Structure formats: structure tokens, C-alpha cells
Amino acid sequence: MLVVIKKDYEEVSREAARIVAGAIRANPEVVLGLATGSTPLGLYKELIAFHRDGNLDFSGVTTFNLDEYLGLAPSHPQSFHHFMEYNFFSQVNVPRDQIHIPDGTITADYEGYCARYEQSIKAAGGIELQILGIGRNGHVGFNEPTSSLASRTRLKALSRETIEDNRHFFSDGTEMPKCAITMGIGTILDSRRVLLLASGRSKAAAVAKAIEGPITSSVSASALQMHPDVTFIIDEEAAYSLTQRDYYRHVLEMTQLFTPERLS
Ligand code: PGA
């Protein structure tokens, strides 16, 4: 596990963009796992800037998003379809048929739908690089505390904390969804490389539990300790509660010296 501590959100975003752009240049047909939320916005802005400058072509890239609210149509302003379209896809050239986001409008056969989402990830060759944020309760995707560490894509009831954290987005009077469709922790662990981004003091406790705490379904992100290639890119504020910061810096220096490809 690599822990990269950057000064602030801008540096976190730039470092993540450098790695994602590198993955696309190394394999123009790369399969990316994408996340929504405020955290990856800076990453998307950087990637869009690379694309505008003519330095990054997404025409071969395939994407799978982590999750979507149940009951929201793609046109709903709070849907993750809308978020991705507005903040990323409308400004880069990922072909439409290579974009996958769980469908929040399904009303029957949830298991069948989720099994097909899993199957489409497999058919694309699996996710090469998965981007994650982290919730204050340690969730990744919408894998709320006590999610099975072996879970696959499925319908998930949102926790009260998540509903409260996201309620302000629904201030237009729309009722906040109570469920979501989310990739499972098992799905995330199957991706070949994971980048988890976090910024701000409000994430410090969750980040410390994920990196230094025991592996527990009470903190879904702690399952990443079982993944062979995870990089946490976090700012000083999000790193606040880590006890081994000096060691992580040392690990990074040694990685730069001996296995720099892990950082490219
Ligand atoms: P945020 O959400 O990026 O908006 O903080 C992260 C998450 O809940 O996974």
C-alpha cells in the first residue's frame, strides 16, 4: 500500500491526473473505474485540460462508474449520470457506447441487472485502474458500513450518515433517494490498481481507519489493505490522524528509487 501525502487538494488532483493520464497513454484501450462526489472533480478538471491541449485521447477508453442512486433518471440533476456528463464526459471524447453507469431507473429484477453489470466489466477485460473517494463513514462506492467484504454489484440501502452528507444536494425539494446500485467491495478488489483520493480534515478519521485500522466491514475502505496495488493520494488535512506519516514518506522515497513504475 502506498500512501502519498500532498500539500492540498490541488496537488492531490494533479498527482491523480498524472497517474490516470499515464495509464491511458500506456494503454489507450484502458478500462477505468470512475467515481462521483466532490473529491474527483479536480482530477476530472485536470484530465479535461490535458484533452483540450491535445495531449490526451479518450477514444479507446472504456469506463465503469461505481454507483448510481436508485430512482433517479439520467436527466435528474442529482443523478450520477448527470454528474458525469456535466463534469467530465461532455468535455472529453470517451465514445458513448464505452461509458457504463448503473441504471437508477430499473424497477424489477435488480439481481439480474447487477449481475449483467458485473458481466459487462468482465467482458471488457476487468477494470485496470479504479478511482475511489471515501465517505466520512469509510464507505467506498456506496458500500456502507457492514457491507460484505466479498460483495458484488447490488442494491444497497444508504446509511443515515450518507443521506445526511448528501441531503444538501437535494435542497430543491426532491426527496433524497434511500437506496443505490453500487459495485461491491469484491468488485472493487478485482480491479488491478486502485487510487483512493481524499482531502480535508472531515476525512481524516476514515482515512486513518482505512490505512491503519483493522480490516473490518465497519469501515469498507479497510478492505483495500487486502489489495496488492493500492495508492492513497491524500492531502495533509486528510492525513492528519495517521500515526506513521514519516514511514509513508520513507516508503515513497524508496519506491521512487527502486520501483518507480509503481508511481507512474
Ligand atoms: P465526496 O464523497 O467526494 O463528495 O466527499 C466521497 C464518498 O462519499 O465516497
Side-chain angles (χ1 to χ4, degrees), residues 6 8-17 20 32-47 64-70 72 77-84 86-88 101-102 104 127 130-147 151 153-154 156-171 176-185 187-189 191 194-211 217-224 230-241:
K6 293 289 182 186
D8 55 22
Y9 178 68
E10 281 64 39
E11 280 197 13
V12 167
S13 301
R14 271 202 294 277
E15 177 66 0
V20 175
L32 300 177
L34 299 182
T36 50
S38 48
T39 308
L41 279 175
L43 159 66
Y44 293 144
K45 285 208 176 88
E46 296 282 334
L47 292 175
F64 287 90
N65 264 78
L66 282 167
D67 45 16
E68 177 59 286
Y69 287 118
L70 189 70
L72 297 197
Q78 306 314 336
S79 73
F80 290 163
H81 276 79
H82 184 268
F83 176 100
M84 290 306 299
Y86 184 77
N87 293 300
F88 190 52
I101 305 176
I127 292 169
Q130 175 68 56
I131 309 299
L132 296 176
I134 183 170
R136 286 192 304 133
N137 63 5
H139 74 192
V140 284
F142 272 135
N143 293 288
E144 302 289 36
T146 72
S147 287
S151 52
T153 302
R154 69 209 183 291
K156 187 76 200 167
L158 301 179
S159 70
R160 190 179 307 165
E161 193 170 22
T162 296
I163 291 176
E164 266 153 33
D165 278 354
N166 291 333
R167 192 181 295 284
H168 63 281
F169 292 117
F170 290 81
S171 52
M176 171 85 200
K178 299 195 168 47
C179 292
I181 297 169
T182 182
M183 279 187 206
I185 298 171
T187 322
I188 291 167
L189 292 178
S191 54
V194 176
L195 285 190
L196 186 147
L197 315 182
S199 167
R201 188 70 69 94
S202 67
K203 300 293 175 70
V207 164
K209 285 182 197 160
I211 297 173
S217 65
S218 300
V219 181
S220 301
S222 67
L224 296 173
V230 176
T231 305
F232 282 78
I233 306 177
I234 60 181
D235 65 12
E236 292 282 355
E237 290 287 312
Y240 180 78
S241 301

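In each ligand, atom 1 is the first atom listed, and ligand 1 is the first ligand listed. Bear in mind that the values here come from a model prediction, so they are computed numbers and not experimental data. Just so you know, these numbers use all the heavy atoms, side chains as well, and skip hydrogens, waters and symmetry mates. If you read the sequence from its start, that first residue is 1, and numbering goes on from there.
By the 6.0 Å contact criterion, NZ on Lys156 is enclosed, its count of non-hydrogen atoms from other residues, nucleotides or ligands being greater than 12. Annotation for Tyr240: atom OH does not count as buried by contact number, only 12 or fewer foreign heavy atoms lying within 6.0 Å.
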Are there any N/O pairs under 3.5 Å between ligand 1 and the protein, and if so, what are their distances?
residue: ligand 1; atom: 3 (O); partner: Ser38; partner atom: N; Å: 3.3
residue: ligand 1; atom: 3 (O); partner: Thr39; partner atom: N; Å: 2.9
residue: ligand 1; atom: 3 (O); partner: Thr39; partner atom: OG1; Å: 2.5
residue: ligand 1; atom: 4 (O); partner: Ser38; partner atom: N; Å: 2.9
residue: ligand 1; atom: 4 (O); partner: Ser38; partner atom: OG; Å: 2.9
residue: ligand 1; atom: 5 (O); partner: Lys203; partner atom: NZ; Å: 2.5
residue: ligand 1; atom: 8 (O); partner: His139; partner atom: NE2; Å: 2.6
residue: ligand 1; atom: 9 (O); partner: His139; partner atom: NE2; Å: 3.3

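A perpendicular orientation is assigned to the rings of His139 and Phe142, their planes being inclined by more than 60° (bins at 30° and 60°).
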Applying side-chain hydrogen bond (donor to acceptor under 3.5 Å, both in side chains), run through Arg154 and Thr187 and close with a yes or a no.
CA-CA 10 Å; Arg154 69 209 183 291; Thr187 322; over 6 Å; no
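Between the CD1 atom of Ile131 and the CG atom of Leu197 there is a distance of 6.0 Å, given to the nearest 0.5 Å.
Phe83 has its ring centre no less than 6.0 Å from the ring centre of Phe169.
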